[in-house]
Peer 1: 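Got a structure here, written out as structure tokens. Questions coming.
Values in this document were obtained by computation on a predicted structure and should not be read as measured data.
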Amino acid sequence: MFTLADDLGHLSYTVTGEGSPVVLVHAGVADHRMWDALVPALAELHTVIRYDLRGFGESAPPAGSFSETDDLRRLLDHLGHQRIDLVGASWGGRVAVDFTLAHPDHVRSLTILAPPWPGYDWSAEMIAYDEAETAALVAGDLDTAVGVNLDMWLRGPGRGWEDVAPGLAEQLRAPIRTSLVNQDVVGRHSLGGGRGDLATIAVPTLVGIGCLDVPDFQDIARRYADEIPGAALVEFPTAAHLISLDAPVELTAALRAFLTR
């Protein structure tokens with residue numbers, strides 16, 4: 001990986017392939033490696049840029065106030081890219097939305113996969129998940145907190161572990177652990193996303209959702225598809241929250257078709 005390090009912080013990133021730039025922003029329980037299975041096919045046509053958000057993967061946690069959208073802008077300036085196709089998963093999807101609202105001239109197209117909705121009225125199931133994670137962290141039981149997140153975001157509410165591809169849990173365990181260790185410092189220093197009107201997004205937009213995901217996120221995906229003008233909604237029947245892990249072949253095909261339309 002390469003490193004962008006300056007007075008504003010430290011970001012680790014990787015670049016693969018040649019062609020029009022595509023930036024992939026990972027979920028809040030993962031890092032840049034969640035996209036591994038998609039990169040070879042995307043890189044046949046595009047320059048694929050992946051990076052670790054601050055406090056995730058190989059990027060250092062923040063030492064002061066920062067903005068995820070500003071970080072992405074810094075990275076693009078560093079790499080010399082003016083316009084990108086932007087793809088974000090879960091929390092990375094919200095970062096992608098915020099960046100598009102803040103810097104519309106820099107985004108050629110937007111793809112968001114199961115992003116959260118600010119201020120959403122979460123279900124009892126989601127509240128119970130949050131309480132279980134918090135209780136484990138307060139007790140200093142990081143392993144249990146990791147397990148709570150694997151159950152919610154990888155396995156999902158509608159299937160057993162026997163239905164999850166072998167090896168995915170172990171692949172995700174270390175990234176989740178890193179995110180939990182840095183969770184407080186990231187939350188304390190993040191300035192959060194800006195607020196903007198989704199109806200002003202004027203670029204082609206694809207909204208993806210796993211049919212095995214938490215019902216809250218299925219509802220949220222439909223909200224985004226309804227609120228963003230012209231947005232297309234694509235469902236992935238075999239995927240829970242992390243579509244790139246559960247359905248990499250299907251997601252790659254959808255992205256290649258969308259990005260080369």
Peer 1: For the atom pair CG (L24) and CG (L255), what is the distance rounded to the nearest 0.5 Å?
Peer 2: 8.0 Å

Peer 1: Checking S65 against H189: is there a side-chain donor and acceptor pair closer than 3.5 Å?
Peer 2: no

Peer 1: Return yes if some donor-acceptor pair links the side-chain N/O of S244 with the main-chain N/O of M34 below 3.5 Å, else return no.
Peer 2: yes

Peer 1: Keeping S190 on the side-chain end and G187 on the backbone end, is there a donor-acceptor pair under 3.5 Å?
Peer 2: no

Peer 1: Can you check side-chain hydrogen bond (donor to acceptor under 3.5 Å, both in side chains) on T238 and D246, steps first, answer last?
Peer 2: CA-CA 7 Å; T238 63; D246 280 329; over 6 Å; no

Peer 1: Indicate if I201 and V87 have the same hydrophobic cluster label, given that clusters are the connected sets of ILVMFWY residues with side-chain heavy-atom separations under 4.5 angstrom.
Peer 2: yes

Peer 1: Check whether T144 reaches the backbone of A136 with its side chain - one donor and one acceptor, N or O, closer than 3.5 Å.
Peer 2: no

Peer 1: For a ring-ring contact (aromatic ring centres under 6.0 Å, His included) check, start with the C-alpha distance between Y129 and W122, then their side-chain angles and the critical distance, and finish with the verdict.
Peer 2: CA-CA 11 Å; Y129 148 76; W122 297 109; 9.3 Å; no

Peer 1: Starting at CZ of R173, measure out to CG of L168 and round the result to the nearest 0.5 Å.
Peer 2: 12.0 Å

Peer 1: Using modelled atom types only, decide if a donor and an acceptor are shared between the side chain of R256 and the backbone of A41 within a distance under 3.5 Å.
Peer 2: yes

Peer 1: Any carboxylate oxygen within less than 4.0 angstrom of a Lys/Arg side-chain nitrogen, looking at R54 and E68?
Peer 2: no

Peer 1: Is there a path of hydrophobic side-chain contacts, each under 4.5 Å between heavy atoms of I, L, V, M, F, W or Y residues, that connects L233 with I228?
Peer 2: yes

Peer 1: Is there a donor-acceptor contact under 3.5 Å from the side chain of T252 to the main chain of P248?
Peer 2: yes

Peer 1: Taking the basic N atoms (NZ, or NE/NH1/NH2) and the acidic carboxylate oxygens, is any pair closer than 4.0 Å for R223 and D219?
Peer 2: yes

Peer 1: Where do V25 and L86 land on the side-chain contact (heavy atoms from CB on, under 4.5 Å) test, with the steps shown first?
Peer 2: CA-CA 8 Å; V25 191; L86 184 54; 3.9 Å; yes

Peer 1: Give the ring-plane orientation class for H103 versus F99, where under 30° counts as parallel, over 60° as perpendicular and anything between as tilted.
Peer 2: tilted

Peer 1: Between D52 and R33 (salt bridge meaning N to carboxylate O under 4.0 Å), is one present in this structure?
Peer 2: no

Peer 1: Distance check, rounded to the nearest 0.5 Å: L45 atom CG versus S20 atom OG?
Peer 2: 8.0 Å

Peer 1: For the hydrophobic clusters of this structure (ILVMFWY residues joined by side-chain heavy atoms under 4.5 Å, transitively), does one cluster hold both I209 and L212?
Peer 2: no

Peer 1: Would you say N149's side chain and A145's backbone share a donor-acceptor pair under 3.5 angstrom?
Peer 2: yes

Peer 1: What I want to find out is whether D226 reaches R222 closely enough, with some N-O distance under 4.0 Å, to be called a salt bridge.
Peer 2: no

Peer 1: Decide, yes or no, whether a salt bridge links D77 with R73 under the criterion of side-chain N to carboxylate O below 4.0 Å.
Peer 2: yes

Peer 1: What's the separation between atom CG in D130 and atom CE in M152, rounded to the nearest 0.5 Å?
Peer 2: 9.5 Å

Peer 1: Rounded to the nearest 0.5 Å, what's the gap from CZ on R50 to CH2 on W35? Could you check?
Peer 2: 10.0 Å

Peer 1: To the nearest 0.5 angstrom, please state how far the CZ atom of R94 sits from the OG1 atom of T69.
Peer 2: 11.0 Å

Peer 1: Would you call P175 and V29 a side-chain contact if the rule is heavy atoms closer than 4.5 Å?
Peer 2: no

Peer 1: For A132, enumerate each residue passing the side chain to side chain contact (heavy atoms under 4.5 Å, CB included) test, keeping only those at least two apart in sequence or located in another chain.
Peer 2: V148

Peer 1: Identify the residue among W153, W117, Y120, W91 that makes a ring pair (Phe, Tyr, Trp, His ring centres under 6.0 Å) with F217.
Peer 2: W153

Peer 1: When you measure from the side chain of Y224 to the backbone of G208, do you find a donor-acceptor pair of N or O atoms at a distance under 3.5 Å?
Peer 2: no

Peer 1: Suppose we call two aromatic rings close when their centres sit under 6.0 Å apart. Are F56 and H26 close by that rule?
Peer 2: yes

Peer 1: For the pair Y13 and H78, evaluate ring-ring contact (aromatic ring centres under 6.0 Å, His included) and give the outcome as yes or no after the intermediate values.
Peer 2: CA-CA 11 Å; Y13 67 93; H78 173 70; 5.7 Å; yes

Peer 1: Say whether, by atom type as modelled, one donor and one acceptor occur between the side chain of T47 and the main chain of A43 under 3.5 angstrom.
Peer 2: no

Peer 1: Any side-chain donor paired with an acceptor under 3.5 Å for Y51 and D71?
Peer 2: no

Peer 1: Taking atom types as modelled and ignoring hydrogens, do the side chains of S90 and H241 form a donor-acceptor contact shorter than 3.5 angstrom?
Peer 2: yes

Peer 1: Identify whether the distance between the nearest side-chain nitrogen and carboxylate oxygen of D143 and R177 falls below 4.0 Å.
Peer 2: yes

Peer 1: Are any side-chain N or O atoms of H10 and backbone N or O atoms of A60, one a donor and one an acceptor, separated by less than 3.5 Å?
Peer 2: yes

